[in-house]
**Student:** 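First, the structure itself, so that you have it in front of you.
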Amino acid sequence: MAALVTLCVAAAAMQGGARVAPLRGVRSHVTASAMGGHGAASKEPAVGFVQTEMRKAAMKLHTREQAPKEGEQKSQTPMKQWAPTRAGYMQFLVDSQVVYGAMEEIVSARPELSLLRSTGLERTTPLKLDIALLISEGCEAATPTAIATDYASMLKTLPTPAFVCHFYNYYFAHTAGGRMIGKQLSDALLEGRVLDFYKWDGDVKELLGAARKHIDDMAEAWTPEQRSECVEQTAASFKGAGSLMASLR
C-alpha cells in the first residue's frame with residue numbers, strides 16, 4: 001500500500017474519494033492505529049464505551065489495507081503526491097483554530113461536559129501562537145474557510161452524545177495521524193521545526209486516556225438511544241475532520 005496521510009485517508013474513506021499519496025519527497029508508512037484515532041486491535045479485551053462501541057464504528061470505515069481485520073471499505077485509487085505550501089498550511093491552522101475553538105466553547109458552556117474541560121488536549125492557544133509566528137515570518141494571514149465555519153456551527157447544534165463523537169475522534173486523530181502529518185509538513189515547509197500545535201504539556205497518551213475515561217463514565221449514564229446517537233456520528237466526524245485537510249493538497 002502506498003504511504004498514507006492519515007486524516008485525508010479517513011476522509012476519503014468517508015466520501016468515497018481517492019487515496020492520498022505522501023508529501024512530495026517524503027515516504028512514510030501509517031498503520032491502522034493512526035487512521036481513525038482508535039488504534040489497532042489489542043490482545044487485551046477492550047473495555048469501556050470508547051474502545052468498544054465507538055471504536056467498532058470507526059474501524060468499519062477503514063479499508064482492508066488500513067485495518068486488515070476490521071476494515072470494510074473498498075480500497076481507493078491513489079492520487080498524485082502532495083505539494084503543500086506555507087499558505088495552505090496557514091489556512092489549515094486557521095481553520096483548525098475555528099473548529100477547536102468551537103469545541104472548547106461547547107465544552108465550557110455545557111455542564112454535562114465539565115469533565116472534558118482543561119484536559120490538557122486543548123489546541124486553541126498553541127494554534128494562536130503558531131499562526132502569529134508564521135505571520136511574523138512573512139506568511140500572509142488567512143480567513144477561515146466556509147468549510148471550517150460551517151463545521152464549527154454544526155457542532156454547536158448537536159446534542160451532547162452526538163457532539164462527544166466529534167470531540168473524541170477529532171482530538172484523538174490529531175494526536176495520532178495528525179502528528180505524522182505535522183512531521184511531514186515540518187520537514188517540507190519549516191526545515192524540521194515543530195509547531196506548538198503538535199506539542200502538549202505532559203504525556204499526550206495519558207491526557208487522551210484520561211479524557212477517554214471521562215467519556216466512558218459519561219456514557220454509563222446515557223440511554224441506549226443516546227449511545228447510538230453518539231456512534232452514528234462517526235462518519236460525519238471523520239468527514240468533518242478530513243474536510244479541513246483540503247488546503248494542504
Side-chain angles (χ1 to χ4, degrees), residues 7 10-16 32-33 35-42 44-63 66-67 69-74 98-119 121-123 147-177 207-244:
L7 293 181
M14 300 309 97
Q15 302 172 58
S33 65
M35 292 295 172
H38 289 265
S42 171
E44 298 180 1
V47 296
F49 177 66
V50 174
Q51 292 292 68
T52 55
E53 295 176 55
M54 287 183 66
R55 182 183 183 282
K56 181 179 180 180
M59 298 311 291
K60 284 183 178 181
L61 297 175
H62 292 78
T63 66
Q66 297 164 2
K69 295 183 179 180
E70 300 165 283
E72 296 184 5
Q73 302 300 310
K74 294 181 179 179
V98 169
V99 176
Y100 279 109
M103 289 189 173
E104 291 178 22
E105 181 180 333
I106 293 166
V107 168
S108 178
R110 300 187 188 184
E112 67 271 27
L113 292 173
S114 61
L115 291 175
L116 297 180
R117 298 171 190 166
S118 301
T119 61
L121 297 171
E122 293 78 17
R123 296 290 86 197
I147 290 174
T149 57
D150 287 351
Y151 183 42
S153 296
M154 184 277 290
L155 290 173
K156 296 177 181 180
T157 71
L158 295 176
T160 294
F163 167 74
V164 166
C165 182
H166 288 261
F167 175 93
Y168 183 77
N169 285 332
Y170 198 72
Y171 277 93
F172 202 149
H174 179 60
T175 69
L207 297 176
L208 196 59
R212 182 168 58 240
K213 177 63 166 58
H214 291 323
I215 293 173
D216 286 340
D217 291 343
M218 291 167 54
E220 286 291 328
W222 289 348
T223 64
E225 291 74 20
Q226 289 175 312
R227 293 167 77 96
S228 294
E229 187 174 52
C230 176
V231 171
E232 288 169 1
Q233 285 291 314
T234 303
S237 71
F238 274 49
K239 182 177 180 180
S243 65
L244 268 65

**Student:** Once you measure the plane-to-plane angle for Trp222 and Phe49, does it fall in the parallel (<30°), tilted (30-60°) or perpendicular (>60°) bin?
**Tutor:**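 Answer is perpendicular, since the angle exceeds 60°.
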**Student:** Measure the CZ-CE distance between Phe163 and Met103 for me, rounded to the nearest 0.5 Å.
**Tutor:**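 Here the rounded value is 5.5 Å.
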**Student:** Under 4.5 Å between any side-chain heavy atoms of Met218 and Glu112, yes or no?
**Tutor:** no
**Student:** Report yes if some heavy atom in the side chain of Leu244 is under 4.5 Å from a heavy atom in the side chain of Val98; otherwise report no.
**Tutor:** no
**Student:** What is the distance from atom CZ of Phe167 to atom CD1 of Ile106, rounded to the nearest 0.5 Å?
**Tutor:**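 Answer for the CZ-CD1 pair, Phe167 versus Ile106, is 10.0 Å.
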**Student:** Does Lys213 come within less than 4.0 Å of Asp217, counting only side-chain N to carboxylate O?
**Tutor:** yes
**Student:** Is there a donor-acceptor contact under 3.5 Å from the side chain of Glu122 to the main chain of Ser118?
**Tutor:**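 Between the backbone of Ser118 and the side chain of Glu122 there is a qualifying donor-acceptor contact (under 3.5 Å).
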**Student:** Search all heavy atoms of Ala211 against all heavy atoms of Leu116 and return the closest pair with its distance.
**Tutor:** O-CD2, 4.0 Å
**Student:** Check Gln233 against Ala162 and note the closest heavy-atom contact, atom names and distance.
**Tutor:**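 Looks like CG-CB, 3.5 Å.
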**Student:** Below 30° counts as parallel, above 60° as perpendicular, anything between as tilted: where do the rings of Tyr170 and Tyr100 land?
**Tutor:** tilted
**Student:** Using a 3.5 Å distance criterion without hydrogens, assess whether the side chain of Arg117 forms a donor-acceptor pair with backbone atoms of Val107.
**Tutor:** yes
**Student:** Looking only at heavy atoms, what is the nearest atom pair of Pro161 and Gln226, with distance?
**Tutor:**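 Minimum heavy-atom separation between Pro161 and Gln226: CB-O, 3.4 Å.
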**Student:** Look up atom CZ in Arg123 and atom NE2 in His174, then write down how far apart they are to the nearest 0.5 Å.
**Tutor:**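 Rounded to the nearest 0.5 Å, the CZ-NE2 separation comes out at 5.5 Å.
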**Student:** Would you indicate whether the side-chain heavy atoms of Leu208 and Leu121 approach each other to under 4.5 Å?
**Tutor:** yes
**Student:** Roughly how far apart are Arg227 CZ and Thr52 OG1, rounded to 0.5 Å?
**Tutor:** 6.5 Å
**Student:** Donor-acceptor pair, Asp216 side chain versus Val50 backbone, under 3.5 Å?
**Tutor:** yes
**Student:** Side chains of Thr234 and Met54: closer than 4.5 Å at any heavy-atom pair?
**Tutor:** no
**Student:** Does any non-hydrogen side-chain atom of Leu158 lie less than 4.5 Å from one of Val164?
**Tutor:**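 The answer is no, as the side chains (C-beta and beyond) never meet within the 4.5 Å cut-off.
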**Student:** So which heavy atom on Phe238 is nearest to which on Ala58, and how close?
**Tutor:** CZ-CB, 3.9 Å
**Student:** Treating Glu104 as the side-chain partner and Gly101 as the backbone partner, does any N or O pair qualify as donor plus acceptor under 3.5 Å?
**Tutor:**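 No, Glu104 side chain to Gly101 backbone: no donor-acceptor pair under 3.5 Å.
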**Student:** Quick one: NE2 on His214 to CG on Leu113, what's the gap to the nearest 0.5 Å?
**Tutor:**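 Here the interatomic distance stands at 12.0 Å.
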